[in-house]
Asker: 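Have a look at this one before I ask anything.
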Amino acid sequence: MKKGSCLDVYEYFKEKILNGDLKAGEKLPSLRQVSMKKRLNTTTALKGYEMLEREGYIFKVLGKGSFVSESRDFSINLDNRLILERALITEEEKKNLIDFSKDEIDSIKLIGLDLRNIMLKVLVLNDDMFEEENLKGSRTLREGIADYLEGIDIFISNEEIVVLNSSQQCLNTILKLFFKKKGEISIVVSDPTKYKALNLFKERADVKGVHLLEDGWDFQDFEEILKNNKIDFVYESFNYQNPSGIVWSDEKKERLLKLAQEYDFYIIEEDNNSEFYYTEEKPKALKYFDRRGKERVFYLKDLAKCIHKEMKIAYMIIPPIFRERLEFEVLNSEITPGNFTQKTLEYLIKNGIYSESLIKIREKIKIRYEYMVERLKKMKGIRLMHSPGGGRSIWIKLSQNIDEKEFYYLCKKNGVSILPGTIFYWDKRVDSKIRLSFVGIEKEEIEKGLNIIENAINEIDKKVL
């Protein structure tokens, strides 16, 4: 390794990884070893490693070092290409697209939330905006979150809360706490489950799926897994599960927690949908049932999913036993959002704007949900898997003779974006299912988009006949 800059460190290890000299899972030399061999300081070596990590060549593990990421084939499969195509849609393309694929809230368009004026107020009110904050996030923000959670009967202290940039970052941080070699972490998920979480888990762990019934998991299926495997984690959205829309019964939530104690595993609850209930009663989070002193739940909430798509901020509640290890991981990773974003969220919560906005958002999208459900019930060639009574999307099944990927491209060709069901399954099965989100589309667009979908179904049916 010749003497040079952080870019030389980056290029050196990148080449070693791509040509196979460094294999997936192999540990890289320590920063001290690299700095001595390359005759530069450890800060420069660290920057080179950070460049490799940002581009996915390596990943860091708390207290253990840096390792080569699992997949060295930088081409992507068809399922991931569908996800990438959705993410790379240009602003010009969006103007002519009816997008049933996105489930993020835009409170500015939806309810006229004046975020610009709120942000200006936040700047004026906070002279300490650019001072260094607690590594777990602003103390006053965490106090505000704790007060809000107390209103839904989740009683925790602000010390149990960690503020990060996204729920995906929360998941990644939790996985690092439990690092083992690939395949030695074992995670159980719903079949189907949220595709972003699934893709992350498959890089780091052995993933097993459990069949979903109308009120939660098939426990006969799950307990068979427990008897034959050591499980580290269960991951689930228990209320209006993504993508199925299923709400777990309280009985099954409590049963899962009992099994967690019995078999010594932890539960990651991503609770981004429970605010969007269109019935009289809001479903209880699993965290509500988590016993004090015997905590088993990592509770995650992503504010971009709840209040506005550009608010890159999330929080998680962690079992006290992991507090110090997680704080150290956050310190090393610098993944806490900026003060301005934190102060903005604090202002929204403490002035009641967050709660008021959720009520208004819920009222608006309930109308879209009810219209879409009734319209789908009248369409031939599809079946609603569930009528969830909440959430931000609907899970439907196409006729068996319809290939969901062919259907995806036909809809896309005609100006409609959907998500094919295969991306939500751990084994990437093709089961003629699609997810349709309604939160970002006006009622008139929903009607137009469903007409295009109906025509696509008819077109494929004619080909088959």
Side-chain angles (χ1 to χ4, degrees), residues 79 167 171 174-175 178 180 182-274 283-290 296-300 385-386 388 390-391 393-397 419-435:
D79 298 323
S167 58
L171 290 175
I174 293 169
L175 287 182
F178 284 76
K180 302 174 186 177
K182 168 73 164 74
E184 289 185 1
I185 294 180
S186 186
I187 299 178
V188 180
V189 300
S190 284
D191 219 359
T193 202
K194 178 185 171 185
Y195 69 86
K196 285 185 178 180
L198 192 56
N199 287 340
L200 177 63
F201 296 153
K202 288 178 74 173
E203 289 179 359
R204 306 281 179 86
D206 175 36
V207 180
K208 292 177 171 60
V210 177
H211 180 58
L212 266 172
L213 304 176
E214 287 290 335
D215 62 345
W217 278 359
D218 179 340
F219 271 92
Q220 186 175 347
D221 189 7
F222 180 50
E223 290 190 51
E224 192 63 32
I225 292 174
L226 288 175
K227 288 172 185 175
N228 295 299
N229 303 271
K230 175 63 183 86
I231 299 302
D232 294 296
F233 285 115
V234 157
Y235 166 82
E236 179 64 309
S237 298
F238 295 91
N239 298 319
Y240 312 117
Q241 193 260 1
N242 182 8
S244 70
I246 285 171
V247 177
W248 281 50
S249 67
D250 290 349
E251 292 76 16
K252 284 198 171 180
K253 290 172 184 174
E254 292 186 90
R255 185 174 175 184
L256 182 64
L257 282 166
K258 287 178 181 176
L259 288 171
Q261 292 288 348
E262 182 181 346
Y263 287 92
D264 190 25
F265 61 84
Y266 288 87
I267 304 163
I268 304 173
E269 176 181 20
E270 188 164 1
D271 188 30
N272 295 330
N273 287 332
S274 62
K284 292 182 176 67
L286 180 76
K287 184 62 185 173
Y288 169 85
F289 300 97
D290 201 19
R296 286 280 155 179
V297 179
F298 288 82
Y299 177 86
L300 282 56
M385 296 300 294
H386 312 280
S393 58
I394 297 173
W395 188 233
I396 67 173
K397 185 172 179 62
L419 284 181
T422 183
I423 67 174
F424 295 98
Y425 286 100
W426 68 277
D427 58 0
K428 298 300 180 189
R429 77 188 65 161
V430 177
D431 199 24
S432 301
K433 291 173 186 169
I434 61 171
R435 195 197 78 178

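What you see below is based on every heavy atom in this structure, not just the backbone, and it leaves out hydrogens, waters and symmetry mates.
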Asker: State which residues pass side chain to side chain contact (heavy atoms under 4.5 Å, CB included) with Ser244; sequence neighbours excluded, sorted by chain then number.
Answerer: Leu212, Gln241, Ile246, His386, Trp395
Asker: Please name the pair of heavy atoms, one in Pro388 and one in Gly245, separated by the smallest distance, quoted to 0.1 Å.
Answerer: CB-O, 3.0 Å
Asker: Ignoring hydrogens, what is the shortest heavy-atom contact between Met385 and Glu214? Give both atom names and the distance.
Answerer: O-OE2, 3.8 Å
Asker: Suppose we screen for side-chain hydrogen bond (donor to acceptor under 3.5 Å, both in side chains). Which residues come up paired with Asp250, at least two apart in sequence or across chains?
Answerer: none
Asker: Surrounding CD of Glu262 (heavy atoms of other residues, nucleotides or ligands, distance under 6.0 Å), is the total greater than 12?
Answerer: yes
Asker: Is there a salt bridge (Lys or Arg N to Asp or Glu O under 4.0 Å) between Lys194 and Glu270? Walk through the geometry before answering.
Answerer: CA-CA 10 Å; Lys194 178 185 171 185; Glu270 188 164 1; 2.7 Å; yes
Asker: For the pair Arg296 and Asp264, find out whether any cationic side-chain nitrogen is under 4.0 Å from an anionic carboxylate oxygen.
Answerer: yes
Asker: Which pair of heavy atoms, one from Trp426 and one from Val207, lies closest together, and at what distance?
Answerer: CE3-O, 3.7 Å
Asker: Indicate whether any N or O donor in one side chain lies under 3.5 Å from an N or O acceptor in the other, for Trp248 and Asp215.
Answerer: no
Asker: Verify whether the ring centers belonging to Phe233 and Phe265 lie closer than 6.0 Å.
Answerer: no
Asker: What is the minimum heavy-atom distance between Ala285 and Asp271, and which atoms define it?
Answerer: CB-OD2, 3.9 Å
Asker: Which heavy atom in Asp221 sits nearest to a heavy atom in His211, and how many Å separate them?
Answerer: OD2-N, 3.3 Å
